[in-house]
Student: 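Quick one: structure below, then a few questions.
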Amino acid sequence: MGFARSKGLTFSQLVAVSVVGALVLGSALLLALDRLLGGLLLEDDDCLGTEGRAEEMSAVGILATPPEGARASKGWHTPEVGCLDDSGDELLSATRGYDFGGDHRAVRDHYRELAEGDGWSRVATAQDPAGLPPGEQADLCFEKDMEGWPVLLRLTFDQGEFWVGTEAALDEGERVPC
């Protein structure tokens, strides 16, 4: 008790100072550990509560309607549903991948017809198909309002594969660029 008396602190004040010090030190250690683990401990999960919307997006029939000759890529027999909330682009997505050795134009025409027939509106892309090398295709994107949320339908090509998926921003009303 010599320390408490020399500083003029009562026993209860000394306990309070010790508790506050322990909390500050504990918080600092927790933050340091969280930073070492890449934010796993204290993650602010914006994806909580989005399961219903994600399921609705994965149920879009176009995802499961590939053109003739396409088959689901290995591991892509059901949509891969995800929520990305740590990169600045916070969004939900549901994607299916297909193997297809045919003409990309046939795939684009197939999805264009399906999307427009289901009320999706074409969205301009940043890529210009005329400026791409032969065999390489630009993304094809459409947008539709689903229960008050703008949802993007995206078709992407790479070699003998393509992916078709839906994407929506976590912030209500915000649009996902193509």
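Nothing here was measured: the structure is a model prediction, and the numbers come from that model. In this chain, residues are counted from 1 in sequence order.
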Student: Rounded to the nearest 0.5 Å, how far apart are CD of E56 and CD of E51?
Tutor: 13.5 Å
Student: Does D145 reach the main-chain N or O of G148 with its side chain, forming a donor-acceptor pair under 3.5 Å?
Tutor: yes
Student: With a 4.5 Å limit on heavy-atom distance, are the side chains of V176 and C141 in contact?
Tutor: no
Student: Run the side-chain contact (heavy atoms from CB on, under 4.5 Å) check on L170 and C83 step by step: do they pass?
Tutor: CA-CA 9 Å; L170 291 181; C83 181; 3.9 Å; yes
Student: Got a salt bridge between D118 and K144, using NZ or NE/NH1/NH2 to carboxylate O under 4.0 Å?
Tutor: yes
Student: Given side chains that start at C-beta, do those of R175 and V123 come closer than 4.5 Å, heavy atoms only?
Tutor: no
Student: Please verify the inter-ring angle class for F162 with F100; under 30° counts as parallel, over 60° as perpendicular, anything in between as tilted.
Tutor: perpendicular
Student: Just how far is it from atom NE2 of H104 to atom CG of L140, taken to the nearest 0.5 Å?
Tutor: 12.5 Å
Student: Between E80 and R96, does any NZ, NE, NH1 or NH2 come within less than 4.0 Å of an OD or OE carboxylate oxygen?
Tutor: no
Student: If you compare all heavy atoms of C178 against all heavy atoms of R154, which two are closest, and at what distance to 0.1 Å?
Tutor: C-NH1, 3.5 Å
Student: Compare every heavy atom of S73 with every heavy atom of D99, then report the nearest pair and how far apart it is.
Tutor: OD1-OG, 3.0 Å
Student: Given T95 and W76, is the side-chain contact (heavy atoms from CB on, under 4.5 Å) satisfied, shown in steps?
Tutor: CA-CA 8 Å; T95 307; W76 291 85; 3.8 Å; yes
Student: So, do L152 and T166 sit near enough that their side-chain heavy atoms are less than 4.5 Å apart?
Tutor: no
Student: Mind listing the closest non-hydrogen atom pair of P150 and A168 along with its distance?
Tutor: O-CB, 3.9 Å
Student: So which atom in P79 and which in A94 form the shortest heavy-atom distance, rounded to 0.1 Å?
Tutor: CB-CB, 4.5 Å
Student: Take L92 and E167 through the test side-chain contact (heavy atoms from CB on, under 4.5 Å) and record every step on the way to the result.
Tutor: CA-CA 6 Å; L92 287 172; E167 301 172 13; over 6 Å; no
Student: Which residues, ordered by chain and number, are linked to W149 in its hydrophobic cluster, where ILVMFWY side chains connect at heavy-atom gaps below 4.5 Å, directly or through other members?
Tutor: none
Student: Show the nearest heavy-atom pair for residues G165 and L63, with the distance to one decimal.
Tutor: CA-CD2, 3.5 Å
Student: V151 versus E143: any side-chain heavy-atom pair under 4.5 Å?
Tutor: no
Student: Counting C-beta onward and ignoring hydrogens, is there a side-chain heavy-atom pair between F157 and R108 closer than 4.5 Å?
Tutor: yes
Student: Is the closest side-chain heavy-atom distance between V107 and Y98 below 4.5 Å?
Tutor: no
Student: Spell out, yes or no, whether M146 and I62 are grouped together once hydrophobic residues are joined by side-chain heavy atoms under 4.5 Å, including indirect joins.
Tutor: yes
Student: Scan the side chains in residues 109-116 for donor-acceptor partners under 3.5 Å anywhere in the protein, sequence neighbours excluded, and list what turns up.
Tutor:
unit_1, atom_1, unit_2, atom_2, d
D109, OD1, R112, NH1, 2.9
H110, NE2, T65, O, 2.7

